[in-house]
Amino acid sequence: MILPITLYGHPVLRKVAEEIDKDYEGLDALINDMYETMYKAEGVGLAAPQVNRSIRLMVIDASPFGEDEPELKDFKTVLINPEIVEFMGEEMVFNEGCLSVPGIREDVSRPSKIRINYLDRDFKEHEEIWEGTKAIIVQHEYDHLEGKIFIDRVSPIKRRLLKGKLAAITKGKNIPNYKVVVNK
Ligand code: NI
């Protein structure tokens, strides 16, 4: 089932999301729905607050980047209760976009390497070190679990230039061609 995506201005995007356990009701169906929703909107990552659930869950499938970066071809994963335990490497700039902030792309600088702990959809624990685009995608989604959005990370001057566009999104203008919830 395709779920509506919460847009910039929706309060759920500003909450710190809660951890979940195995007994979280309907988790498997929710994960399937999040994948379906993400594919329909042509995203490579989706965090639960973007479907109006304030829980620490994200889905990723970076295979669309696989043509340019072969190591992303199989980068498909579910992360439950992730924790980035170490930020490493040099800063890397990536031109980011977000399904909750349609029509805006901005360069964001983030550490190029992370060490992360998480549970997969079977609640099996993993620790991984990811770098490059993998690390960037995961940090972008992780921000959503912390109530942050990528535009918080652009310079104040750039953010001021985006003010009009952001206000339009909160007012339900510039609606993308996927299902959304606007906070009105
Ligand atoms: Ni996003």
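Each ligand, and each atom within it, is numbered from 1 in the order the structure gives.
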Next on the checklist: Under 6.0 Å from the ring centre and within 45 degrees of the ring axis: does the NZ or CZ of Lys134 meet both conditions for the six-membered ring of Phe75?
Outcome noted: yes
Next on the checklist: For a 4.5 angstrom cut-off between non-hydrogen side-chain atoms, does Met38 reach Asp61?
Outcome noted: yes
Checklist entry - His140 vs His144 aromatic rings, parallel, tilted or perpendicular, using cut-offs 30° and 60°? => result perpendicular
Next on the checklist: Just verifying a value: how many Å separate Phe87 CZ and Ile116 CD1, rounded to the nearest 0.5 Å?
Outcome noted: 8.5 Å
Item to check | Aromatic plane relationship, Phe65 with Phe94 - under 30° parallel, 30 to 60° tilted, over 60° perpendicular | outcome: perpendicular
Checklist outcome for this item: Near the Ni ion (ligand 1) (protein N/O/S, cut-off 2.8 Å, waters excluded) we have Cys98 SG, His140 NE2, His144 NE2
Item to check | Over-ring placement of Lys76 relative to Tyr35, 6.0 Å and 45° cut-offs | outcome: yes
